[in-house]
Amino acid sequence: MSSIETTKFDTRPGWKVLNLNQNASWRFLLDEVAQKHLRDMIKSTFEKDRPIFDYHADEFDLGPAHSPIADAMDMAHHNLGIALLSGLPHNDISEKEFELLNWAIGLQTGVARPQGIASQYISQVRDIGTDYRAKTGRGYSSNASLDFHTDGCDLVTLACYKKAKLGGRSMISSSVTAWQTLCTERPDLAEVAHYSHFYFSRQNEQAEDEGPYYRQPLFDFEDGRFFAKWNRNRVRTAQLIEGVPVLTPEQVEVTNLLDEILSRPEIMMKMYLAPGDLQILNNHVMLHSRTDYVDYTAHKDKRLLSRLWLAPPDSVKLPDSWGAYFRSTDPGTVRGGIRGQQYNELCLDFEKRQAQYMGMPTPHQPLLPKQTE
Ligand SMILES: [Fe+2]
């Protein structure tokens, strides 16, 4: 292989299943004191019909839960790429109170990012019958099995309120390990993944200043760190958009091999999230997917998770090639997310206030870099 940096980067997130099974440093548990504190905090703060933007970070003192939550975030962000925190209160609090709890954790961690066409800053991961494979499809609102993918932000948190009746298993693979495997087995295809552009559809959720697609390599490097981006569904739907180049045979080959590598038993970590679990992933080094699932009949029992996309204050410099999607590649900035079509002054005010609280530069609305052929 020519100039590809296959070893000269931070390989700590390059784990295999065996490593995670033998090393509990990515698992965190809230003790009873911390659980009670969070329950009391939410019960005393929650107000029905109060919009989430109305809650300020200084209303939420995480108390004894602060340290384990901060440690879990740090583990996912700067070490193994993954953390699982168990013990969020969930039994005697409503789904809206549980959602506020995830929001409160986010307010103490970074600046939440919008997640879709409705510019929503927190998503309920629940099956509402969405067709994941449609040109406008999204996985979080369907019960489909999902392709391995990254979410469009630095950190994603997923807080489980209710499990499915059957299925809905979470799968995580390290993109660092996948890259290393690819370089060993097919260095020629690794070059294709690193040096060529892949086009991703915005699934018709683009903001006014965004096109229907963007392009970038699957893997890139910056400041001695590795970054991955993958989403077969979005690359597939981009192929249906006028002006998007047809994938080359080599690109098809590398995407097929990549998905095969990601699902190898020694590489793919399988887990069921239990009620009260908070899964935290660094999207730049982890890829995730999920099996399909069957829900319970009663609405109150159906699978429900609360999802946050976060820009933390201690984020690292991104490769320039990430700018087409993230807008800002500077470290510690408010970046990423799907701005969507309902982005307004309320959103910007929230982002400015929260950035100030976190000591981050004031966000503005930078124009996207032009992508020309
Ligand atoms: Fe996702």
Side-chain angles (χ1 to χ4, degrees), residues 13 73 76-77 81-84 99 102 106 110 112-128 130-134 136-161 163-164 167-175 178 198 200-203 205 214 216 218 227-238 255 258-259 262-263 268-273 277-293 303-312 322 325-326 335-340:
M73 292 289 176
H77 194 184
I82 181 172
L84 185 69
E99 184 176 75
N102 196 23
R113 312 304 305 124
Q115 301 182 26
I117 192 167
S119 312
Q120 77 278 14
Y121 281 68
I122 192 163
S123 292
Q124 293 187 335
V125 179
R126 170 167 24 210
D127 176 26
I128 56 168
T130 300
D131 177 4
Y132 173 56
R133 297 292 172 193
T136 56
R138 294 288 302 273
Y140 72 93
S141 50
S142 81
N143 68 351
S145 71
L146 308 184
D147 299 331
F148 268 101
H149 65 278
T150 47
D151 284 359
C153 55
D154 291 297
L155 290 179
V156 53
T157 73
L158 210 48
C160 178
Y161 186 64
K163 288 178 68 167
R169 189 176 64 193
S170 177
M171 283 98 78
I172 318 291
S173 294
S174 161
S175 42
F198 290 75
F200 295 82
S201 169
R202 292 191 192 268
Q203 304 293 91
E205 296 186 312
Y214 57 96
Q216 61 171 99
L218 300 185
F227 298 83
K229 161 86 182 179
W230 175 226
N231 188 322
R232 174 178 291 279
N233 204 38
R234 284 172 182 262
V235 169
R236 180 184 63 81
T237 49
T255 58
L258 175 60
D259 272 340
L262 290 168
S263 57
M268 182 174 73
M269 184 73 187
K270 298 177 283 192
M271 67 179 85
Y272 281 100
L273 296 184
D277 280 354
L278 182 74
Q279 182 192 75
I280 309 160
L281 298 177
N282 176 343
N283 282 302
H284 304 307
V285 287
M286 297 288 115
L287 287 154
H288 63 277
S289 66
R290 176 198 82 198
T291 61
D292 57 1
Y293 63 87
R303 184 180 193 264
L304 178 61
L305 301 96
S306 168
R307 185 177 73 179
L308 265 188
W309 286 2
L310 291 169
W322 257 234
Y325 179 83
F326 274 79
R335 63 192 192 187
I338 296 171
R339 184 158 291 183

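Everything numeric here is computed off the predicted structure, so don't read it as measured data. In each ligand, atom 1 is the first atom listed, and ligand 1 is the first ligand listed.
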Inset, instruction - Using a 4.5 Å cut-off on heavy atoms from C-beta on, say whether the side chain of R335 contacts that of D154. - result: yes
Legend entry - Q115 versus S123, side-chain donor and acceptor atoms under 3.5 Å: yes
Legend entry - Salt-bridge present (R303, D127; N to O < 4.0 Å): no
Legend entry - Protein N, O or S atoms lying under 2.8 Å from the Fe ion (ligand 1), listed by chain and number: H149 NE2, D151 OD1, H288 NE2
Inset, instruction - Using the test ring-ring contact (aromatic ring centres under 6.0 Å, His included), find all partners of F198 that sit at least two apart in sequence or belong to another chain. - result: none
Legend entry - salt_bridge(R307, D151) N-O dist < 4.0 Å: yes
Inset, instruction - Examine the side chains of D259 and W230 and answer whether a donor and an acceptor come within less than 3.5 Å of each other. - result: yes
